[in-house]
Student: 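What follows is a single structure, and I will ask about it in a moment.
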Amino acid sequence: MGVDLIFQVAAIGIIVAVLSQLLTRSGREDQAMLTTLAGLVVVMLIVARQISVLFDAMKSMFGL
């Protein structure tokens, strides 16, 4: 869970950066921005899922 999450976020960041650069250089700035926003949303969903797992673990630890 720990290192895998970092690698997932890094891989998404690299892919989004490459796609954004390609789209920007081909004159499609709007699509590059949408690609960047989509990458951000995906990373935020991954992080939100991990935060949910953390809170579930804390609830079970404290018996709530």
Side-chain angles (χ1 to χ4, degrees):
M1 177 173 86
V3 178
D4 292 340
L5 179 67
I6 294 170
F7 284 141
Q8 283 180 348
V9 171
I12 291 171
I14 290 169
I15 291 169
V16 166
V18 168
L19 285 175
S20 180
Q21 287 295 319
L22 288 173
L23 289 169
T24 301
R25 295 199 192 266
S26 66
R28 299 178 181 173
E29 288 84 13
D30 294 339
Q31 290 177 352
M33 185 177 62
L34 288 176
T35 303
T36 304
L37 287 175
L40 179 66
V41 167
V42 169
V43 169
M44 293 303 249
L45 287 173
I46 291 171
V47 170
R49 187 174 1 136
Q50 292 300 319
I51 290 173
S52 173
V53 169
L54 173 68
F55 284 148
D56 288 340
M58 289 176 65
K59 267 175 45 175
S60 68
M61 186 185 339
F62 292 116
L64 298 175

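In this text the structure is predicted, and so the values were computed from the model without any measurement.
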Student: Hydrophobic clusters here meaning ILVMFWY residues chained together by side-chain heavy-atom distances under 4.5 Å, can you tell me if Leu5 and Phe55 are in one?
Tutor: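 Yes, Leu5 connects to Phe55 through the hydrophobic network.
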Student: Give me the atom names and distance for the closest heavy-atom approach of Ala57 to Ser60.
Tutor: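 In terms of heavy atoms, the two residues are closest at O-OG, 2.9 Å.
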Student: Throw together a table of side-chain donor-acceptor distances under 3.5 angstrom for residues 8-32, partners on residues two or more places apart or in other chains.
Tutor:
| residue | atom | partner | partner atom | Å |
| --- | --- | --- | --- | --- |
| Thr24 | OG1 | Ser20 | O | 2.7 |
| Ser26 | OG | Leu22 | O | 3.2 |
| Ser26 | OG | Leu23 | O | 3.0 |

Student: List, by chain and then residue number, the residues other than Leu40 in its hydrophobic cluster (Ile/Leu/Val/Met/Phe/Trp/Tyr, side-chain heavy atoms under 4.5 Å); write none if there are no others.
Tutor: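 Answer for Leu40: Met44.
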Student: Check the hydrophobic clustering (I, L, V, M, F, W, Y; side-chain heavy atoms under 4.5 Å; chains of links allowed) and say if Ile51 and Val42 are grouped together.
Tutor: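 Yes, same cluster.
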